[in-house]
Amino acid sequence: MRDTIKRIMNSYMQYFKLTDLNLQVVLTDDMYTCQKKYGFNREDPSSLDEATARKNWKHVAACMKYPKKMDEPFTLIFKEPYLKKSPLCEIYRLVFHELTHICDYRDYARLNHLTSYQELFDNPETVLFQHWSEYHAERRGYAAWLKHRYGIRLKYDPTDSKIDILHKETMSNIQYYGEHYTNTAEYGSTRQIYFTMHLLARMTIWMQILPYEVSDILSKDPFDYKGIEWIKKLMCLFLKYPRIEQMNDHYMDIAYIIAENLSLTKEEIWQKVS
């Protein structure tokens, strides 16, 4: 499994023309226990009991932990039993996703002149960057998944086979992430935003490949999912500022969109938009 991960990492670095990434890879059976050994923990022990924390980590297949010091390596942790039963396309998605987080955090630190990743916790706007990075990481991960699952590349190609895959993938993604958004309200807004960013990432990939077909789907409000209005506004923002250097001055724009849509109740989120 390590050889597979290493090969995919090399593919990522070659594709994005990276010369070095200071990181270490850890494989484990217990994500919750393992991740506590590395870097910072974002969970507040005074407000989150261990049973709840373990429940939150139960379905996590991979994660990135940033180091305490700038010259120390990032850590990528993978749930080995999950990797062993997953197809190659899913392993590509996970590795590309987590490596993108490393690139994003490293670039954010550079752009904002951070001297320690601890500073990420001292600025409340940082959480907005983390939301954006979740979108950016899943966008690259899902693009890798599509390539190794269907042979689809990121270029405009309105062939019948791709349109069929588009419809199937779009419908299943909206259904999956929309339902997870409403069903994770008990864990707080951060978890809900996480699922929205993943859905947004997948929609922008299809917007790049088949823009007219995606626009048609979005105009029909699939599954009566009112949250699609959130997706449309964030999509316009992220497509306007596609690079982290461009996005760096616009994270508060994310907050305005989020604040507007988090006011929706679980029942309202699935109501048809008039």
Side-chain angles (χ1 to χ4, degrees), residues 87 89-90 92-93 96-97 100 131-185 192-243 246-247 250 253-274:
C89 60
E90 173 63 3
Y92 262 94
R93 185 189 72 82
F96 270 53
H97 182 113
T100 301
H131 294 329
W132 177 85
S133 183
E134 200 58 53
Y135 149 81
H136 191 222
E138 183 60 16
R139 177 177 163 82
R140 287 187 176 181
Y142 184 60
W145 186 90
L146 284 175
K147 177 182 177 181
H148 292 276
R149 172 66 177 85
Y150 295 113
I152 292 177
R153 297 180 181 274
L154 298 184
K155 63 178 181 179
Y156 178 63
D157 184 14
T159 58
D160 289 340
S161 63
K162 286 185 175 60
I163 292 174
D164 289 342
I165 295 171
L166 158 72
H167 280 277
K168 181 178 70 172
E169 280 287 304
T170 301
M171 294 298 107
S172 64
N173 282 332
I174 291 175
Q175 183 73 41
Y176 177 83
Y177 287 107
E179 289 184 350
H180 274 66
Y181 173 91
T182 56
N183 292 335
T184 57
Q192 292 179 292
I193 296 168
Y194 169 89
F195 286 112
T196 296
M197 291 299 169
H198 275 230
L199 175 56
L200 174 62
R202 292 169 180 239
M203 296 301 294
T204 58
I205 286 291
W206 283 113
M207 183 63 78
Q208 182 172 340
I209 300 172
L210 296 167
Y212 304 109
E213 288 77 8
V214 171
S215 296
D216 183 58
I217 287 177
L218 293 179
S219 69
K220 295 177 181 177
D221 302 313
F223 300 109
D224 296 337
Y225 182 51
K226 194 173 182 180
I228 210 69
E229 292 303 305
W230 187 353
I231 294 296
K232 291 177 182 177
K233 292 176 183 178
L234 287 172
M235 184 182 292
C236 289
L237 176 65
F238 290 171
L239 292 178
K240 185 177 181 180
Y241 306 110
R243 297 174 58 83
Q246 299 167 317
M247 191 66 207
H250 298 279
D253 294 346
I254 302 175
Y256 301 140
I257 298 173
I258 288 175
E260 175 185 350
N261 285 271
L262 281 180
S263 64
L264 298 173
T265 66
K266 183 175 180 179
E267 291 73 26
E268 288 172 337
I269 201 72
W270 284 101
Q271 289 178 359
K272 186 171 181 62
V273 180
S274 59

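Values reported hereafter were calculated over all heavy atoms of this structure, with side chains retained and with hydrogens, waters and symmetry mates removed.
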If every non-hydrogen atom of [X] is compared with every non-hydrogen atom of [Y], which pair is closest and at what distance?
X	Y	value
Ile209	Lys155	CG2-O, 3.6 Å
Pro158	Leu210	CA-CD2, 3.4 Å
Phe238	Met197	CE1-SD, 3.9 Å
Leu237	His250	CD2-O, 4.5 Å
Trp132	Arg243	CZ2-C, 4.4 Å
Phe96	Gly141	CB-CA, 3.9 Å

Give, for atom [atom1] of [X] and atom [atom2] of [Y], the distance between the pair rounded to the nearest 0.5 Å.
X	Y	atom1	atom2	result
Asp253	Lys233	CG	NZ	12.5 Å
His136	Thr100	NE2	OG1	6.0 Å
Glu90	Arg149	CD	CZ	12.0 Å
Thr170	Asp216	OG1	CG	11.0 Å
Lys162	Asp157	NZ	CG	4.0 Å
Lys240	Met247	NZ	CE	10.5 Å

**Report entry** More than 12 heavy atoms of other groups within 6.0 Å of Tyr156 OH
**Finding:**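 Above 12, so yes.
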Query raised in the report: More than 12 non-hydrogen atoms from neighbouring residues, nucleotides or ligands closer than 6.0 Å to CG on Asp164, yes or no?
Result: yes
For the residue pair [X] and [Y], establish whether any side-chain heavy-atom pair is separated by less than 4.5 Å.
X	Y	result
His131	Ile258	yes
Tyr135	Leu234	no
Ile193	Ile254	no
Met203	Met207	no
Leu146	Trp206	yes

Requested in this report: Test ring pair (Phe, Tyr, Trp, His ring centres under 6.0 Å) on Tyr194 and His198 and set out the steps.
Outcome: CA-CA 6 Å; Tyr194 169 89; His198 275 230; 4.4 Å; yes
Query raised in the report: Would Asn173 and Tyr142 satisfy side-chain contact (heavy atoms from CB on, under 4.5 Å), going step by step from the backbone distance to the final call?
Result: CA-CA 11 Å; Asn173 282 332; Tyr142 184 60; 3.5 Å; yes
Query raised in the report: Is there a donor-acceptor contact under 3.5 Å from the side chain of Ser172 to the main chain of Glu169?
Result: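 The answer is yes, because a donor-acceptor pair under 3.5 Å joins these two groups.
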